[in-house]
Amino acid sequence: MSDELAESDIDLGALLSSADVTDAPVVKLLYSLFEDALQIHASDIHIEPDEDVLRIRQRVDGVLQEHTMTETRIAPSLVLKLKLMAGLDISEKRMPQDGRFSVNVKEHNIDVRISTMPVQYGESVVMRLLDQTGGTLDLNSLGMPDTILKRFERLIRRPHGMILVTGPTGSGKTTTLYAALKTLNSPEKKIITIEDPVEYRLSRINQIQVKIDIGLSFARVLRSALRQDPDIILIGEIRDEETAEIGLRAAMTGHMVLSTLHTNDSVSTVNRLMDMGIKGYLLSSALHAILAQRLVRRICQSCAQAADLNLQQQAWLKIHGNESVFNTTFKLGMGCGHCNYTGYQGRIGVYELLEFDQALSDALSQGDTASFGNMARSMAGFRPLNMVALQYAIEGLTSMDEVMRISADIDVLIDEQIDPKQKGVAI
């Protein structure tokens, strides 16, 4: 069966050797695109036609790297070939389309999610790449600090309750949840996931793809999933009040519920849920913990050098009461062949775990979000994201630029703390 299923994958190498004269340049370009992306561990490929150039950008470690081609005439043929591979309507050029396909490149099976969008000079294409060959990470491989890792493992093994992983798009939330499912996956546990899209295929786990266009929403699938006798439910994302309420009630009735939410930190997650219309008593009864996370780029150790703090970095440290580290030797990557002259190579996770105790639950049940926030920030062992990132900078793992990039109050810092004459200093 695996051989038969694999036949649906597109082997770009075989396609290149069998391509005719008119198709060969396009296939050759596609092969080099996927090969380069695989080599530099790119997560996305952007193809953007412009007036005079064809822009090809690859997202590496969360940052886009740009290449341009002066041969713009190949752009329509490139988009056409990708649409054919994804089974999209090649005659429709005025409306956005979404699809997927799998390709084999150098013995790697890559699942590609493709999105097309009509723009001024043609169609823009964005492809999300998921390398299925490597499999999912273990919790131990995420780089989580031991103190947070032990608490998180203990939390996900509870028989019921809800645990949320929060952060912006591309912060590694899904990777963390898949690693948690891999830890929990056993013959004794029935696990159901509701996702949009299903990113990695996991054995023994029932994975359901949401399809909004036919009415198969998160809330509708979740109601049906509860009748499938699950022990653990993963909701890909909480987007509305209905999904949140069903998930919380499931957590109260003997299910472990894991999900994600787009918020800046763990404390503000509660405010976001209440803004959706969720009652405080539901949160206090069902929500057990919130893990907020970000990804910061690692400094390339091949070209790392000592770097002085600029005025904005010094102001940021003063605001957060960290003047004591002014004399610390911070590092910055100068750029070399190992890191493609970016100064960074790879990323490291920054985690903030808020575990609920009785006092926090009581504040939630009364709807007192102000007291909840003050108690949460003063809890023993609680460290906010920017302080964890700062510790990584002190250890030479990342730069102060990356620390400030994930800091939620950076706009306030620039507007209020920097002398107007110094606002032009680059971060």
Side-chain angles (χ1 to χ4, degrees), residues 41 43-44 59 61-62 111 128-132 134-158 161-186 189 191-202 205 207 218 232-239 247 251 256-269 272-273 287-298 346-356 382-386 388-389 392 397-398 402 406:
H41 304 292
S43 61
D44 301 83
R59 190 174 294 280
D61 296 334
D111 195 13
R128 168 63 58 90
L129 311 180
L130 299 166
D131 189 354
Q132 302 287 345
T136 55
L137 290 173
D138 295 311
L139 278 176
N140 295 322
S141 307
L142 294 179
M144 223 179 257
D146 287 340
T147 52
I148 291 181
L149 178 62
K150 290 176 182 176
R151 289 165 60 198
F152 187 66
E153 277 194 289
R154 176 172 48 80
L155 285 163
I156 62 175
R157 292 186 186 279
R158 288 183 178 179
M162 177 180 277
I163 297 172
L164 293 175
V165 179
T166 72
T169 302
S171 59
K173 302 185 296 295
T174 304
T175 302
T176 299
L177 287 179
Y178 273 124
L181 288 185
K182 190 173 182 180
T183 301
L184 297 171
N185 193 1
S186 67
K189 299 288 185 181
I191 302 176
I192 296 177
T193 73
I194 307 162
E195 304 172 70
D196 184 22
V198 176
E199 295 195 10
Y200 292 98
R201 299 174 183 89
L202 303 171
I205 293 178
Q207 297 175 268
F218 277 103
I232 300 163
I233 300 172
L234 168 66
I235 307 170
E237 182 186 345
I238 292 179
R239 298 178 180 174
M256 170 52 69
V257 180
L258 306 173
S259 190
T260 70
L261 200 64
H262 287 90
T263 55
N264 290 327
D265 55 37
S266 56
V267 178
S268 63
T269 302
R272 173 72 190 281
L273 288 167
L287 192 55
H288 287 187
I290 303 168
L291 178 73
Q293 68 178 73
R294 294 288 193 284
L295 293 174
V296 295
R297 293 181 290 171
R298 284 179 178 268
R347 288 188 288 181
I348 184 172
V350 180
Y351 300 93
E352 168 189 297
L353 180 61
L354 177 61
E355 187 175 350
F356 287 27
F382 177 79
R383 295 186 69 201
L385 286 166
N386 50 17
V388 177
Y392 286 157
L397 296 175
T398 191
E402 288 292 288
I406 69 164

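As a basis for the values below, the full set of heavy atoms in this structure was taken, side chains included, without hydrogen atoms, waters or symmetry mates.
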* How long is the gap from CG on Leu184 to CG on Leu234, to the nearest 0.5 Å? -> 10.5 Å
* Worked check of side chain to side chain contact (heavy atoms under 4.5 Å, CB included) between Thr193 and Leu177 -> CA-CA 10 Å; Thr193 73; Leu177 287 179; over 6 Å; no
* Asked: Which residues pass the side chain to side chain contact (heavy atoms under 4.5 Å, CB included) test with Ala292, sequence neighbours left out?
  -> Thr166, Ser266, Glu352, Leu385
* To do: Show your working on side chain to side chain contact (heavy atoms under 4.5 Å, CB included) between Leu202 and Lys182 and close with a plain yes or no.
  => CA-CA 8 Å; Leu202 303 171; Lys182 190 173 182 180; 5.9 Å; no
* Could you check Tyr351 against Leu149 for side chain to side chain contact (heavy atoms under 4.5 Å, CB included), going step by step and ending with a plain yes or no? => CA-CA 10 Å; Tyr351 300 93; Leu149 178 62; over 6 Å; no
* **Heavy-atom pair of closest approach, residues Ala180 and Phe152** => CB-CE2, 4.2 Å
* Could you state the interatomic distance from CG (Leu258) to CD1 (Ile191), rounded to the nearest 0.5 Å? -> 9.0 Å
* Backbone N/O of Pro168 and side chain of Lys173: donor-acceptor pair under 3.5 Å -> yes
* For Glu237, what residues pass the salt bridge (Lys or Arg N to Asp or Glu O under 4.0 Å) criterion, not counting sequence neighbours? -> Arg239
* Under the side chain to side chain contact (heavy atoms under 4.5 Å, CB included) rule, collect the residues that match up with Thr169, sequence neighbours excluded. => His262
* Sequence-distant partners of Ser141, side chain to side chain donor-acceptor pair (under 3.5 Å), two or more places apart -> none
* Asked: Is a side-chain donor-acceptor pair under 3.5 Å present for Ser268 with Thr263?
  -> no
* Short side-chain to backbone donor-acceptor contact, Gln293 and Ser171, under 3.5 Å -> yes
* To do: May I ask you to check whether Thr183 and Glu153 show a side-chain donor-acceptor distance below 3.5 Å?
  => no
* Supply the atom-to-atom distance Leu291 CG to Arg151 CZ, rounded to the nearest 0.5 angstrom. => 9.5 Å
* To do: Specify the closest pair of heavy atoms between Met162 and Ala251, including all atoms of both residues, with the distance to one decimal.
  => N-CB, 3.6 Å
* Go through the steps to decide whether Ile156 and Leu139 satisfy the test side chain to side chain contact (heavy atoms under 4.5 Å, CB included), and finish with yes or no. => CA-CA 11 Å; Ile156 62 175; Leu139 278 176; 3.9 Å; yes
* For Thr398, side chain to side chain donor-acceptor pair (under 3.5 Å) partners two or more places apart -> none
* Partners meeting ring pair (Phe, Tyr, Trp, His ring centres under 6.0 Å) with Tyr392 (sequence neighbours left out) -> none
* Counterpart residues, side chain to side chain donor-acceptor pair (under 3.5 Å), relative to Ser259 (two or more places apart) -> none
* Asked: Where do Asp138 and Ala179 come nearest, in terms of heavy atoms and distance?
  -> C-CB, 3.9 Å
* What is the minimum heavy-atom distance between Gly247 and Val257, and which atoms define it? -> O-CG2, 3.6 Å
* Asked: Between CG of Leu129 and CG of Asp44, what distance do you get to the nearest 0.5 Å?
  -> 6.5 Å
* **Pairwise distance CG(Leu142) to OH(Tyr178) - rounded to 0.5 angstrom** => 14.0 Å
* With sequence neighbours excluded, tell me which residues meet salt bridge (Lys or Arg N to Asp or Glu O under 4.0 Å) with Glu402. => Arg297, Arg405
* To do: Output yes when a side-chain donor or acceptor of Arg294 lies under 3.5 Å from a complementary backbone atom of Asn264, and no otherwise.
  => yes
* Asked: Once you round to the nearest 0.5 Å, how far does CG of Leu287 lie from OG1 of Thr269?
  -> 8.5 Å
* Does Arg157 have any side chain to side chain donor-acceptor pair (under 3.5 Å) partners at least two apart in sequence or in another chain, and if so, which? -> none
* Asked: Can you check whether Ile238 reaches Phe218 side chain to side chain, under 4.5 Å on heavy atoms?
  -> no
* Structure fact -> Taken in chain and number order and not counting sequence neighbours, the residues that satisfy salt bridge (Lys or Arg N to Asp or Glu O under 4.0 Å) with Asp61 are none
* Set of side chain to side chain contact (heavy atoms under 4.5 Å, CB included) partners for Ile192, sequence neighbours left out -> Lys190, Asn206, Ile208, Ala225, Gln228, Pro230
